[in-house]
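Reviewing the structure listed below.
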Amino acid sequence: MTSPDRRSPARLADQRALLFDLDGVLTPTALVHERAWSRLFTPYLASRGVAAYTDDDYFRYIDGKPRYDGVRSLLESRGITLPEGTPSDTPDDETVCGLGNRKNAAFTAELVENGVEAYPGSVAFLTAAIAAGVEVAVVSSSANARAVLTTAGIIDRFDVIVDGAVAAAEGLPGKPSPDTYIDAAAKLGLTPLECVVVEDAISGVQAGRNGAFGLVVGVDRGVGHPALLDNGADVVVDDLDDLTASLPTPTRNDA
């Protein structure tokens, strides 16, 4: 029998694990992050007298990257250079790390004020995957991943969570490097070829491509199908529930 084409959803049935990005894939925290970045950069860029912050800046320079990398990338787009600083900098410090910590404070405020719920389609897909015996993990650049998963009520689904805090502790570079995804696969006792990367960001699908994973699924939350496909996604959907029928058939354990 001919094996499914590389860009066929049917290849899901051959994979042993799903490695989910969090923001924009399982939860709409991308929206929380977008508002937090706007709370940071709208007044900051105005104070520097440079081009105003726009929604497009989030997708072009920030989306999917570790927080300090996002700060650095956005500042570079405006020709601004700041001292790097250290993660212990206060949110008031005029450094890359200081601004990153200011953004984190804004994110926490947004999460407390508005909360977050998981995407229904993603929960349906996740539930079906677990029922089918597929291993699952979360791989997120965010240091707030556990707080978000807890708020969304789905943290109990995941034994393996590789977030920004884990990456920092283990010295793992962020996306588009595949290292955090490779680490999650290893923690599940699997190779990249046995795992599916599920991402909504360009840097995330690039990470899946760079790590030679078995399948890279892009979820279009605004980036666009062509951009995700061009940067490494094998399959792109608007909602993860669209792929539920492609999962392995659940194993029955009837007596």
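- With sequence neighbours excluded, the residues that form a salt bridge (charged side-chain N to carboxylate O under 4.0 Å, His left out) with Glu110 are Arg35, Arg39.
- Using a 4.5 Å heavy-atom threshold, the side chains of Ile161 and Leu149 count as touching.
- For residues 129-146, the set of pairs meeting the side-chain hydrogen bond (donor to acceptor under 3.5 Å, both in side chains) definition, not counting sequence neighbours, comprises Asn104-Asn144.
- Under the ring pair (Phe, Tyr, Trp, His ring centres under 6.0 Å) criterion, Phe107 pairs with His33, not counting sequence neighbours.
- Counting only residues at least two apart or on different chains, no ring-ring contact (aromatic ring centres under 6.0 Å, His included) pair has a member in residues 127-173.
- Pairing each heavy atom of Pro248 with each of Ala132, the nearest pair is O-CB, 3.3 Å.
- Counting only residues at least two apart or in different chains, salt bridge (Lys or Arg N to Asp or Glu O under 4.0 Å) contacts with residues 82-98 comprise Arg48-Glu94, Arg72-Glu84.
- Annotation: side chain of Asn114 is not in contact with side chain of Val32 (no heavy-atom distance under 4.5 Å).
- Ser122 is linked by a side chain to side chain contact (heavy atoms under 4.5 Å, CB included) to Leu26, Tyr119, Arg221, Leu240, counting only residues two or more places apart in sequence or in another chain.
- Side chains of Asp183 and Thr180: no donor on one and acceptor on the other come within 3.5 Å.
- Residue pairs meeting the salt bridge (Lys or Arg N to Asp or Glu O under 4.0 Å) criterion with at least one member in residues 157-169, sequence neighbours excluded, do not occur.
- In plain terms, the two heavy atoms of Pro192 and Ala185 that are nearest each other are N-CB, 4.5 Å.
- Asp57 is linked by a salt bridge (charged side-chain N to carboxylate O under 4.0 Å, His left out) to Arg78, counting only residues two or more places apart in sequence or in another chain.
- Between Ala152 and Ala118, the closest heavy-atom pair is CB-N, 4.0 Å.
- Residues Ile80 and Leu45 have side chains in contact (heavy-atom distance under 4.5 Å, counting atoms from C-beta outward).
- Under the side chain to side chain contact (heavy atoms under 4.5 Å, CB included) criterion, Asp238 pairs with Asp220, His225, not counting sequence neighbours.
- The stretch residues 59-68 participates, sequence neighbours left out, in these salt bridge (Lys or Arg N to Asp or Glu O under 4.0 Å) pairs: Asp56-Arg60.
- With 3.5 Å as the limit, one finds a donor-acceptor pair spanning the side chains of Thr191 and Glu194.
- Of all non-hydrogen atoms in Asp156 and Gly153, the two that sit nearest each other are OD1-O, 3.8 Å.
- Nearest approach of Val198 to Val219, heavy atoms of both residues: CG1-CG2, 4.0 Å.
- You'll find the side chain of Val116 reaches within 4.5 Å of the side chain of Val148, heavy atoms only.
- Counting heavy atoms from C-beta outward, Val197 and Val217 have side chains that stay 4.5 Å or more apart.
- Side chain to side chain, Asn101 and Tyr68 meet the donor-acceptor criterion of an N or O pair below 3.5 Å.
- Checked against side chain to side chain donor-acceptor pair (under 3.5 Å), Ser246 has no partners two or more places apart in sequence or in another chain.
- Pro83 is linked by a side chain to side chain contact (heavy atoms under 4.5 Å, CB included) to Thr95, counting only residues two or more places apart in sequence or in another chain.
- Annotation for Thr151 and Gly115: closest pair CG2-CA, 4.3 Å, computed over non-hydrogen atoms.
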